[in-house]
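Working notes for the structure below.
Order of listing sets the numbers, starting from 1, for every ligand and every atom in it. Note that the structure is a prediction, hence the values are computed from the model and not measured. Throughout, residue positions are numbered sequentially from 1 according to the sequence presented.
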Amino acid sequence: MPDQRTVAPRLDIGGIANPRSVAVFGASDNKEKFGGRVMHYLTRHGFAGKVLPINPNRAEVLGIKAFKAIADAPKPVDVAILAVPAAALLQSVQECAAAGVGCCVIMTTGFAEAGTDEGREAQRTLVETARNAGMRIVGPNCMGLISPLANMALTSSLVLEIDRIQTGHVGLVSQSGALMVSIFNRAHDAGIGFSLCVSLGNQSDLEICDFIDYLVEDKNTKAVCVYVEGFKDGARFLRSAAACRAAGKPLVIVKTGRTPAGERAAQSHTASLAGSYAALQAACRRHGAILTDDPDAMVRLADLLVRWPTMSGDGIGVLSPSGGGAGIGVDRVVESGMRLAQLSQATKDRLLEVLIPPQADNPIDLGGRRSGDVAGTAGKVMTPMAEDPDVAAVLVVLTTVPFYEQTTKELAMAALAAGKPVLFSVTPGSAADGPRRGLRAVNCPYFDSLDQALRVLRLMVEYRALNQADRTVPPRPADLPSAPAPAQSGRLTEPEAKRLLAAYGIPVTREAVATDADAAAAAANRIGFPVVLKTVARDLVHKSDVGAVKLNLGDEAAVRAAFAAASDAVRKAMPGAAIDGCVVQEMVRGGEAELIAGIRRDPLYGPVIMVGAGGILVELLTDIELALAPVSPEQALAMLQRLRLWKVMAGIRGGAALDTRAAADAISRLSFLAVDLGDRLVDLEVNPLMIRKAGDGVVAADARGQLA
Ligand code: ADP
Ligand code: MG
């Protein structure tokens, strides 16, 4: 919905996060009721602003003076929280607007997310009412917000039964309300506090990016977590992500709708246009944001990045009190795609002072001590490992050990003193409650599952790699045409699509269009045998499936026969289809591998470029990489290197390396075509882009496309 605000907002987001006063509709003493819980949590956690209970039947609630209607409450009322039934909501919102309320936080459901015209219409009216008054809306269909620095819990969720709201440096913006409070609760148990938690529900007025932008500016926030079902405005998200990056604040995102089923769930849940996940991945890669599939991992990662904003490398040190723990640890680190650190000789020499030879290396088994108690030795082992130049982070697989709590604390303190990320994975159950207490006491992060520790560690490594990669938007090559001028719209035939490619300097097959067999034979003579002949029909998408592609034709007679056979095959397969003769083209020689390279316009994130293993393997392998367009040749090469096909292109088993530079150059040019086509681009695809041996170039053997 375009922003049709005509009146300046009464309150900015800072004012919503730190309101002077909060009105609670349906305020009650009864915790069984929504308005009862909100009142209890507001008072329990010591909100310093004014609490204004609104209840027509009560003189006071929890000893606080109540008001019959919002109009009676003393001004200013910064925020009102409402969970009144859907049928009564509009009237309450109108009363708030009239009473000068700055922002309504609306829990009520039954609006756009219901998927009905009535729901959408009711939400539209709600937003219009608010905007005409300069009032903001959070929700509807949300769970409110938690503003730890203001000691304010503006939610009815029972996770606020805790004694104290911890403050911290992670900002959490969640589209889902129930997920927000669940995440909050888990983080609370892990000792992680927030600068702000907010749930947006249907994002009818204030949306996710409004809060990301606020957190970018907020000096208490050092990392931003986002749970999203759908962004309202893809281009705006890209700007917000770039702003996070510019402010040096890691942005970690969980997005649902990765699978078709998830996409449906996201739509009905908060009425979102889920959008293509692959395009979001590309957008996040470009802007240095991290995507993960697990909300708990998201917050744990953000917490670690607040503690340790940079990693010195990607080498992982593994340490365990037992050989079993060390063994499991290294296997899992390697299987997760991470690199084991190689300890220097100096480190090994230091370790040899306390450990027997086989243990004085990565992974370390504390059991291999020369002598003495483990307590008192643990630090002497941890310190050299954590200080080793190739160790960027330490994973401790904590099995049981004598003097359990003391040894654990000693390990943690030695690791923390080295200043590098350290993650404890606590293996035992209740037997390790003492060590867990010890870890909490020294403020050292730990995980109760090795899977989760590895997942988060891997994300840290990924975040580092992402921020080291070249993510700049490349300059436009000078030799590109200023504007592509394809007159036609709709489906492009192969020769039409190839003309566009050729104009952008992408090598295509030498070819000519012919409308009869004689002309085809003449064209073949000019091009030189052997040739390829393909029937041209605009509506024919997969030519070879119907026998419209005739390869390796050696002489005129073969060309004539192919013309007739291919045309007949198309007529048979697609009766009534318009046939525009055929195209005769050189038979490409020396193509060692086939790539697919495509561009399309994503409705949310704009032009994207895709490369992958092409030919008949496309669907089988789904070995593809996506990036926001444009990409430089170097960035295109990096995309190719992430393909499984890269091993083939780089030359396996002594085979020759292929011309990946030429491929990268073609991909870069194609990406600029995507940008230049702008809104006219639906999609355009080269398949195959034949790639020859290094130095011999690439050539587009087939292309198709669609313009708006
Ligand atoms: P389709 O519409 O079925 O994708 P293509 O034009 O891609 O038809 O032809 C199918 C296959 O034939 C290609 O994947 C490629 O392997 C081969 N091919 C097509 N054109 C040529 C050519 N000019 N030179 C060599 N091989 C070609
Ligand atoms: Mg093809």
* Structure fact -> Counting from 1 in the order shown, the ligand 1 atoms closer than 4.0 Å to a non-hydrogen atom of P688 are 7 (O), 13 (C), 14 (O), 15 (C)
* Lys/Arg N to Asp/Glu carboxylate O, E592 vs R692, below 4.0 Å -> no
* Asked: Should R339 and D314 count as an ion pair when the cut-off is N to O under 4.0 Å?
  -> yes
* To do: Determine whether any heavy atom of E586 lies closer than 4.0 Å to an atom of ligand 1.
  => yes
* **N, O or S from N687 under 2.8 Å to the Mg ion (ligand 2)** => yes
* Asked: Does R589 have a non-hydrogen atom less than 4.0 Å from ligand 1?
  -> no
* To do: Check each heavy atom of V588 against ligand 1 and say whether those closer than 4.0 Å belong to the side chain, the backbone, both or neither.
  => both
* Asked: Run the salt bridge (charged side-chain N to carboxylate O under 4.0 Å, His left out) check on R661 and D659 step by step: do they pass?
  -> CA-CA 5 Å; R661 283 177 58 154; D659 205 336; 6.0 Å; no
* Asked: When you look for heavy atoms under 4.0 Å from ligand 1, do you find them on the side chain of L551, its backbone, both, or neither?
  -> side chain
* Closer than 4.0 angstrom: is that true for some heavy atom of V699 and an atom of ligand 1? -> no
* Asked: Taking atom types as modelled and ignoring hydrogens, do the side chains of E113 and N202 form a donor-acceptor contact shorter than 3.5 angstrom?
  -> yes
* **D702, any N or O under 3.5 Å of ligand 1 N or O** => yes
* Asked: Atoms of ligand 1 less than 4.0 Å from N687 heavy atoms?
  -> 7 (O)
* Asked: Between D117 and R120, does at least one N-O distance fall below 4.0 Å, as a salt bridge requires?
  -> yes
* **Approximate separation, where rounding is to 0.5 Å, of L459 CG and L466 CG** => 11.0 Å
* Considering the heavy atoms of V549, write down every atom of ligand 1 situated less than 4.0 Å from one of them. => 8 (O), 9 (O)
* With the side chain counted from C-beta on, respond yes when R476 and F672 share a heavy-atom pair under 4.5 Å apart, and no when they do not. => yes
* Asked: Among Q585, E494, E594, which one has a heavy atom closest to atom 15 (C) of ligand 1?
  -> E594
* Structure fact -> Of E511, K543, R704, the one whose closest heavy atom lies nearest atom 2 (O) of ligand 1 is K543
* **Aromatic plane relationship, Y605 with F231 - under 30° parallel, 30 to 60° tilted, over 60° perpendicular** => perpendicular
* Taking only heavy atoms of M587, which atoms of ligand 1 are found under 4.0 Å from at least one of them? -> 24 (N), 25 (C)
* Output the atom name for the N/O/S atom of D702 with the smallest distance to the Mg ion (ligand 2). => OD2
* Got a salt bridge between R236 and D210, using NZ or NE/NH1/NH2 to carboxylate O under 4.0 Å? -> yes
* To do: Run the numbers for me: atoms of ligand 1, each under 4.0 Å from some heavy atom of K534, listed by number.
  => 6 (O), 19 (C), 20 (N)
* To do: Answer yes when D294 and R300 have at least one side-chain N-carboxylate O distance shorter than 4.0 Å, and no when they do not.
  => no
* Structure fact -> Among R510, E685, M690, H542, the residue with a heavy atom nearest to atom 26 (N) of ligand 1 is M690
* **Which of the ligand 1 atoms, numbered from 1, are nearer than 4.0 Å to a heavy atom of V541** => 2 (O)
* Asked: Is the closest basic N to carboxylate O distance between D296 and R455 below 4.0 Å?
  -> no
* Hey, which atoms in ligand 1 end up nearer than 4.0 Å to a heavy atom of T509? -> 23 (N)
